[in-house]
Amino acid sequence: MIRASRVQRIMACGNRLITTLAELGSDSSEFEDLQPKSLAQRKRSLKQPSVRKRKCIGKDKVKKEKEADLKKENEADVSECTDHTFDTKEILTVREKLLVHYDKHQRTLPWRKKHGTEVDVEKNVHAYSVWVSEIMLQQTRVATVKEYYKKWMSKWPTVEALSGANMEDVNKCWAGLGYYSRARRLHESAVFVMENLNGMIPTTLEGLKKLPGVGPYTASAIASIVFEQPVGVVDGNVIRVLTRMRALGTDITQKDTISKLWSMSSSLVDPERPGCFNQALMELGALICTPKSPKCSECPVFQSCAAYQRQEAQKKRTPVKIEYDTVASSTGCKLCLHVKAGAAPAIEMYPNKPPKKASKAEDIFVFVCHRNSGAEVLVRQRPSKGLLAGLWEFPNSTTTEVAHSLAPEILISSLDVGKTSQDYVWRLESTLKRGNASMENTIFYSTKFCGSVQHIFSHRKHTYHVFDVQFSPPEALDHVLPFKYRWIPISTVSEEAISTNMKKVIECYRSAKSQPKIQLKK
């Protein structure tokens with residue numbers, strides 16, 4: 001009885017304590033654990049978190065939900081900065097200043113005609129000339145294109161003339177200009193126009209886009225320059241100008257960025273002189289708003305350039321904080337180019353391009369096979385598709401394949417390479433094979449290593465190891481060479497449809513005549 005009364009008194013004290021705490025504003029539920037519990041209650045309490053823990057878990061959940069909502073709001077709000085769009089006043093100002101500058105400083109180029117000087121009957125010829133020039137200017141400098149354009153137009157002055165040309169002659173005229181698929185597509189389009197459009201180039205943007213090999217940029221350029229349609233253009237120069245003028249820092253390879261640039265260009269174009277305006281915009285990027293060291297002091301629209309204004313404002317505050325590297329940022333406008341806090345990006349950082357992928361390196365062994373004391377060299381034609389399609393080259397092989405310099409008729413059965421501290425030592429053995437018969441007749445009787453040259457394509461880096469190989473007797477291979485092989489005079493190599501990389505090879509061969517020969521095993 002004494003024990004029971006003592007327990008009752010303790011429980012009564014506990015209840016009074018809980019009541020008092022409740023009156024003072026505390027949460028009495030936090031003290032529920034002080035009250036005696038049955039065995040079942042104790043077991044349940046072991047399985048479930050305490051009230052305090054449940055409250056912590058709830059608070060964390062609410063916090064995470066708020067952070068997620070804030071993140072969604074930030075993602076939705078990507079254009080807070082007014083710098084990323086042109087207002088009506090800016091559009092009119094840019095149009096006026098850019099056209100005035102263009103009228104005064106435009107370059108004289110063979111494919112350009114003065115505004116308003118041609119009659120309708122000449123438009124088809126003008127459209128063809130602009131078409132040819134725009135295809136040639138893709139990934140190629142104006143200074144390089146000028147002579148190629150003149151040579152091309154002297155051979156095929158109209159779309160009809162080009163449609164009747166031989167593809168071999170087309171490749172020969174294009175040789176050295178690079179990106180040879182452009183020539184093939186241009187020829188295919190000329191044939192299409194003659195066969196399906198009665199020789200008349202489409203006069204609308206949508207019609208031009210249907211031509212084989214004509215993309216949005218080329219179609220817009222022809223439509224605006226020749227047919228005066230108020231459509232914008234977006235090429236490399238325009239991308240650079242617009243991303244700087246509007247401080248657009250997003251990745252230019254993304255579809256959303258490209259769409260925004262097309263929208264900007266279309267809003268800027270002058271409806272009365274669309275062709276001149278587009279050429280002025282492209283010329284601004286080519287001559288003034290250059291990738292490195294832009295001539296901002298000569299720019300007619302520098303006052304409308306957000307990147308320039310930001311950089312100048314930063315210079316006045318802290319001249320040293322002009323950044324040339326981006327940093328990760330989760331705050332601020334997502335269309336801006338983010339740099340370290342308190343700094344402004346350098347103008348040269350626009351446009352924002354992803355890092356270039358490393359070029360694939362390949363070693364290629366080229367055999368300049370000659371006869372008649374070097375008067376003639378052997379060439380073969382490349383496949384009709386792929387890199388340098390349809391062009392002529394010297395027989396060659398890579399280190400990763402079995403070396404067949406004249407496969408399948410002539411098999412180099414072994415190609416052993418050893419490298420000393422001075423040069424390469426080579427041994428070439430070949431057997432003349434025809435059908436099932438085999439003749440023990442050595443074709444290569446001497447060779448020497450001429451040197452190595454490099455050529456870089458857009459996506460790969462080739463190192464050509466050049467070898468001088470002499471045939472004897474001169475007519476030994478004439479009856480077994482495949483139809484895609486032929487002998488050409490070495491004096492006319494540069495006139496053939498041979499790419500720039502093979503021209504480098506022949507120059508290496510010509511400069512190596514004084515090197516000693518390596519006699520081959522017979």
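Just the heavy atoms: all of them, side chains too, but no hydrogens, waters or symmetry mates, feed the values below. Not measured: the values here are computed from a predicted model.
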Shortest non-hydrogen contact from [X] to [Y]?
X: Ile91; Y: Ser267; answer: CG2-O, 3.6 Å
X: Ile288; Y: Glu298; answer: CD1-O, 3.7 Å
X: Arg240; Y: Cys289; answer: NE-O, 2.6 Å

Exceeds 12 heavy-atom contacts within 6.0 angstrom, atom [atom1] of [X]:
X: Glu168; atom1: CD; value: yes
X: Asn166; atom1: CG; value: yes
X: Lys461; atom1: NZ; value: no

Atom [atom1] of [X] and atom [atom2] of [Y]: how far apart are they, to the nearest 0.5 Å?
X: Asn171; Y: Leu391; atom1: CG; atom2: CG; result: 5.0 Å
X: Leu98; Y: Cys276; atom1: CG; atom2: SG; result: 11.0 Å
X: Glu272; Y: Asp270; atom1: CD; atom2: CG; result: 6.0 Å
X: Glu376; Y: Thr492; atom1: CD; atom2: OG1; result: 9.5 Å
X: His105; Y: Leu284; atom1: NE2; atom2: CG; result: 11.5 Å
X: Cys305; Y: Gln311; atom1: SG; atom2: CD; result: 9.0 Å

Between [Y] and [X], is there a side-chain heavy-atom distance shorter than 4.5 Å?
X: Leu248; Y: Tyr350; value: no
X: Val214; Y: Lys209; value: no
X: Cys173; Y: Lys155; value: yes
X: Val170; Y: Arg184; value: no
X: Ile506; Y: Ile490; value: yes
X: Val368; Y: Asp468; value: no
X: Trp174; Y: Tyr180; value: yes
X: Trp131; Y: Leu186; value: yes

Fit a plane to each ring of Trp152 and Trp156, take the angle between them on a 0 to 90° scale, and name the class: parallel (under 30°), tilted (30 to 60°) or perpendicular (over 60°).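 Trp152 and Trp156: perpendicular rings.
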Any luck finding a side-chain donor-acceptor pair between [X] and [Y] under 3.5 Å?
X: Thr218; Y: Gln138; value: yes
X: Ser452; Y: Thr463; value: no
X: His462; Y: Tyr464; value: yes
X: Gln303; Y: Lys97; value: yes
X: Arg112; Y: Gln279; value: yes
X: Asp363; Y: His465; value: yes

Checking the side chain of [X] only, and the main-chain atoms of [Y] only, is there a donor and an acceptor separated by less than 3.5 Å?
X: Ser224; Y: Ser220; result: yes
X: Asn124; Y: Gly199; result: yes
X: Asn352; Y: Gly249; result: yes
X: Gln309; Y: Met245; result: no
X: Arg182; Y: Leu177; result: yes
X: Thr140; Y: Leu137; result: no
X: Ser154; Y: Lys151; result: yes
X: Thr290; Y: Leu287; result: no
X: Asn198; Y: Met200; result: no
X: Ser265; Y: Trp262; result: no

Any chance you could lay out the side chain to side chain contact (heavy atoms under 4.5 Å, CB included) test for Val193 and Ser163, step after step, and finish with the verdict? CA-CA 8 Å; Val193 169; Ser163 67; over 6 Å; no
For Glu283, which of His101, Gln106, Arg107 qualifies under side chain to side chain donor-acceptor pair (under 3.5 Å)?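 With Glu283 as partner, His101, Gln106, Arg107 yield a single side chain to side chain donor-acceptor pair (under 3.5 Å), made by Arg107.
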Could you go through the side chain to side chain donor-acceptor pair (under 3.5 Å) check for Arg185 and Ser181 one step at a time? CA-CA 6 Å; Arg185 290 196 297 266; Ser181 59; 3.3 Å; yes
Please determine if [X] and [Y] form a salt bridge, counting it only when a charged side-chain N lies under 4.0 Å from a carboxylate O.
X: Glu507; Y: Lys504; value: no
X: Lys292; Y: Glu348; value: no
X: Glu393; Y: Arg380; value: yes
X: Glu362; Y: Lys360; value: yes

Do Ile201 and Leu208 pass the side chain to side chain contact (heavy atoms under 4.5 Å, CB included) test, and can you show the C-alpha distance, the side-chain angles, and the key distance before you say yes or no? CA-CA 8 Å; Ile201 296 173; Leu208 289 164; 3.7 Å; yes
Please evaluate residues Tyr128 and Leu162 with respect to the criterion side chain to side chain contact (heavy atoms under 4.5 Å, CB included), reporting the C-alpha separation (whole Å), side-chain torsions for both, the decisive distance (0.1 Å), and the verdict. CA-CA 10 Å; Tyr128 170 70; Leu162 177 59; 3.6 Å; yes
Pairs where residues 242-252 contributes a residue and the test salt bridge (Lys or Arg N to Asp or Glu O under 4.0 Å) is met, not counting sequence neighbours: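 Passing the test, one end in residues 242-252: Glu90-Arg246.
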Between Trp111 and Tyr149, does the ring centre distance come in under 6.0 Å?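 Yes.
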Walk me through it: do Leu268 and Arg95 pass the test side chain to side chain contact (heavy atoms under 4.5 Å, CB included)? CA-CA 7 Å; Leu268 278 178; Arg95 286 176 182 172; 5.6 Å; no
